[in-house]
Amino acid sequence: MASGPQLGQPAPDFTLPGGVLSDDTFQRREYTLSASRGRAVVLAFYPGDNTAVCTKQLCSYSSGLETFEGLDAEVWGISPQGVDSHESFARGHDLRMPLLADTGRETARAYGITAPGIGVRRSVFLIGPDGVLRWKHVALLGATFQSLDTLAEQLSGIGTP
């Protein structure tokens with residue numbers, strides 16, 4: 001496994017296609033990390049749409065969006081599936097955060113979380129409003145995920161630059 005970005009260093013920038021479910025419309029656009037400066041961003045990398053643990057994880061984060069908003073943070077789910085798969089996943093589970101398609105796994109490689117056999121390790125990176133990596137968790141097996149409470153606690157310590 002590559003080392004990926006280190007705490008206290010600028011997070012690797014990227015632009016990925018994705019979309020977000022708003023009311024009954026799945027709004028597609030490109031998402032660029034550096035365009036979100038001024039707000040914290042939670043990057044939640046997950047192995048696949050509509051899998052048991054991923055579904056539980058993303059539903060937990062989606063139902064806790066008010067908590068993230070209260071901490072002036074956005075949550076982006078990122079996986080190797082395409083935007084069409086993400087739309088189906090979002091509609092099927094009423095997920096309200098952007099889901100981004102890293103189909104070539106370039107972003108996962110930049111963050112050091114690709115793995116043979118499973119593709120992408122379940123990982124969470126908290127990017128401060130200044131674009132600097134403030135906290136990360138990379139799972140070895142990915143059978144569990146970081147809870148909303150854990151992420152909120154970490155985010156509350158980030159503050160604004």
Side-chain angles (χ1 to χ4, degrees), residues 1-7 9-22 25-37 39-65 68 73-128 131-148 150-151 154-155:
M1 178 171 66
S3 63
Q6 299 303 306
L7 296 180
Q9 297 297 313
D13 197 18
F14 61 84
T15 298
L16 291 172
V20 62
L21 190 60
S22 177
T25 303
F26 192 76
Q27 301 170 349
R28 295 172 183 237
R29 70 176 178 89
E30 289 198 331
Y31 291 80
T32 300
L33 182 59
S34 59
S36 289
R37 292 269 163 81
R39 292 191 81 191
V41 180
V42 177
L43 302 178
F45 288 88
Y46 64 100
D49 293 339
N50 290 303
T51 58
V53 178
C54 297
T55 299
K56 187 175 177 185
Q57 176 184 17
L58 280 273
C59 285
S60 166
Y61 296 170
S62 183
S63 66
L65 283 178
F68 291 116
E74 300 179 62
V75 181
W76 296 356
I78 304 173
S79 80
Q81 290 75 41
V83 178
D84 288 345
S85 176
H86 288 342
E87 179 175 358
S88 174
F89 186 39
R91 288 183 183 282
H93 299 282
D94 197 34
L95 302 176
R96 298 295 171 163
M97 82 276 280
L99 300 178
L100 283 55
D102 185 20
T103 55
R105 296 189 177 103
E106 292 89 1
T107 302
R109 272 193 289 284
Y111 280 80
I113 57 165
T114 55
I118 59 172
V120 173
R121 294 184 189 278
R122 184 177 317 283
S123 310
V124 178
F125 294 84
L126 302 185
I127 314 303
V132 171
L133 177 61
R134 299 298 179 187
W135 185 85
K136 68 179 178 178
H137 180 270
V138 179
L140 293 179
L141 297 176
T144 61
F145 59 90
Q146 295 300 298
S147 71
L148 172 67
T150 297
L151 298 180
Q154 294 298 326
L155 280 166

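Here, residue 1 is the first one in the sequence, and each next residue gets the next number.
Taking Phe45 as the reference, Tyr111, Phe125 meet the ring-ring contact (aromatic ring centres under 6.0 Å, His included) condition, with sequence neighbours excluded. Residues satisfying the side-chain contact (heavy atoms from CB on, under 4.5 Å) criterion with Thr103, sequence neighbours excluded, are Ala101. In this structure, Ser88 has no side chain to side chain donor-acceptor pair (under 3.5 Å) partners at least two apart in sequence or on a different chain. The ring-ring contact (aromatic ring centres under 6.0 Å, His included) check on Trp76 picks up Tyr31, with sequence neighbours excluded. Under the salt bridge (charged side-chain N to carboxylate O under 4.0 Å, His left out) criterion, Arg37 pairs with no residue at all, not counting sequence neighbours.
Here Phe145 contributes atom CZ and Leu58 contributes atom CG; the two are 9.0 Å apart, rounded to the nearest 0.5 Å. Between Gln146 atom CD and Leu151 atom CG the span is 6.5 Å, to the nearest 0.5 Å. How far NE2 of His86 is from CG of Asp49: 5.0 Å, rounded to the nearest 0.5 Å. The structure places CE of Met97 at 5.0 Å from OG of Ser62, a figure rounded to the nearest 0.5 Å. Atom CZ of Phe89 and atom CD of Gln81 lie 8.5 Å apart (nearest 0.5 Å). Atoms CZ and CG, from Phe68 and Leu155 in turn, are 6.5 Å apart once rounded to the nearest 0.5 Å.
Judged by distance alone, the side chain of Gln6 and the main-chain N or O of Gly4 form a donor-acceptor pair under 3.5 Å. Using a distance-only test at 3.5 Å, with no hydrogens or angles considered, no donor-acceptor pair links the side chain of Asp102 to the main chain of Pro80.
Between Leu16 and Ile78 there is a side-chain heavy-atom pair separated by less than 4.5 Å. Side-chain atoms of Leu21 and Leu95, non-hydrogen and from C-beta on, never get closer than 4.5 Å to each other. Proximity of Thr51 to Tyr46: side-chain heavy atoms (C-beta onward) are nowhere separated by under 4.5 Å. With contacts defined as side-chain heavy-atom distances shorter than 4.5 Å, the pair Arg91/Phe26 qualifies. Looking at heavy atoms from C-beta onward, Ser85 lies out of side-chain contact with Val83 at the 4.5 angstrom threshold. Within the 4.5 Å cutoff, no side-chain heavy atoms of Leu43 are placed close to those of Val124. Ser79 places none of its side-chain heavy atoms less than 4.5 Å from the side chain of Pro47. Contact of the Arg28 side chain with the Asp84 side chain is registered, since non-hydrogen atoms from C-beta on lie closer than 4.5 Å.
When all heavy atoms of Ala139 and Arg121 are compared, the closest pair comes out as O-CD, 3.5 Å. Summarising the geometry of Ser60 relative to Leu148, their closest heavy-atom pair is OG-CB, 4.2 Å, with the distance given to 0.1 Å. The two residues Pro12 and Leu33 make their nearest non-hydrogen contact at O-CD2, 3.5 Å.
Between the side chains of Thr150 and Ser147, at least one donor-acceptor pair of N or O atoms lies under 3.5 Å. In summary, the side chains of Arg122 and Gln57 do present a donor paired with an acceptor at a separation below 3.5 Å, with no hydrogens or angles considered.
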| task | Report the C-alpha separation of Leu126 and Val41 in whole Å, then their side-chain angles, then the decisive distance to 0.1 Å, and conclude whether the side-chain contact (heavy atoms from CB on, under 4.5 Å) test is met. | result | CA-CA 6 Å; Leu126 302 185; Val41 180; over 6 Å; no
| task | Would you sort out whether Val75 and Arg96 count as a side-chain contact (heavy atoms from CB on, under 4.5 Å), showing the intermediate values? | result | CA-CA 10 Å; Val75 181; Arg96 298 295 171 163; over 6 Å; no
| request: Please lay out, stage by stage, how Leu7 and Arg134 fare under the test side-chain contact (heavy atoms from CB on, under 4.5 Å). | output: CA-CA 6 Å; Leu7 296 180; Arg134 299 298 179 187; 5.9 Å; no
| task | Just do the side-chain contact (heavy atoms from CB on, under 4.5 Å) check on Ser123 and Lys136 with the steps written out, would you? | result | CA-CA 7 Å; Ser123 310; Lys136 68 179 178 178; over 6 Å; no
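Contacts classified as salt bridge (Lys or Arg N to Asp or Glu O under 4.0 Å) and involving residues 50-62 (residues at least two apart or in different chains) are not found.
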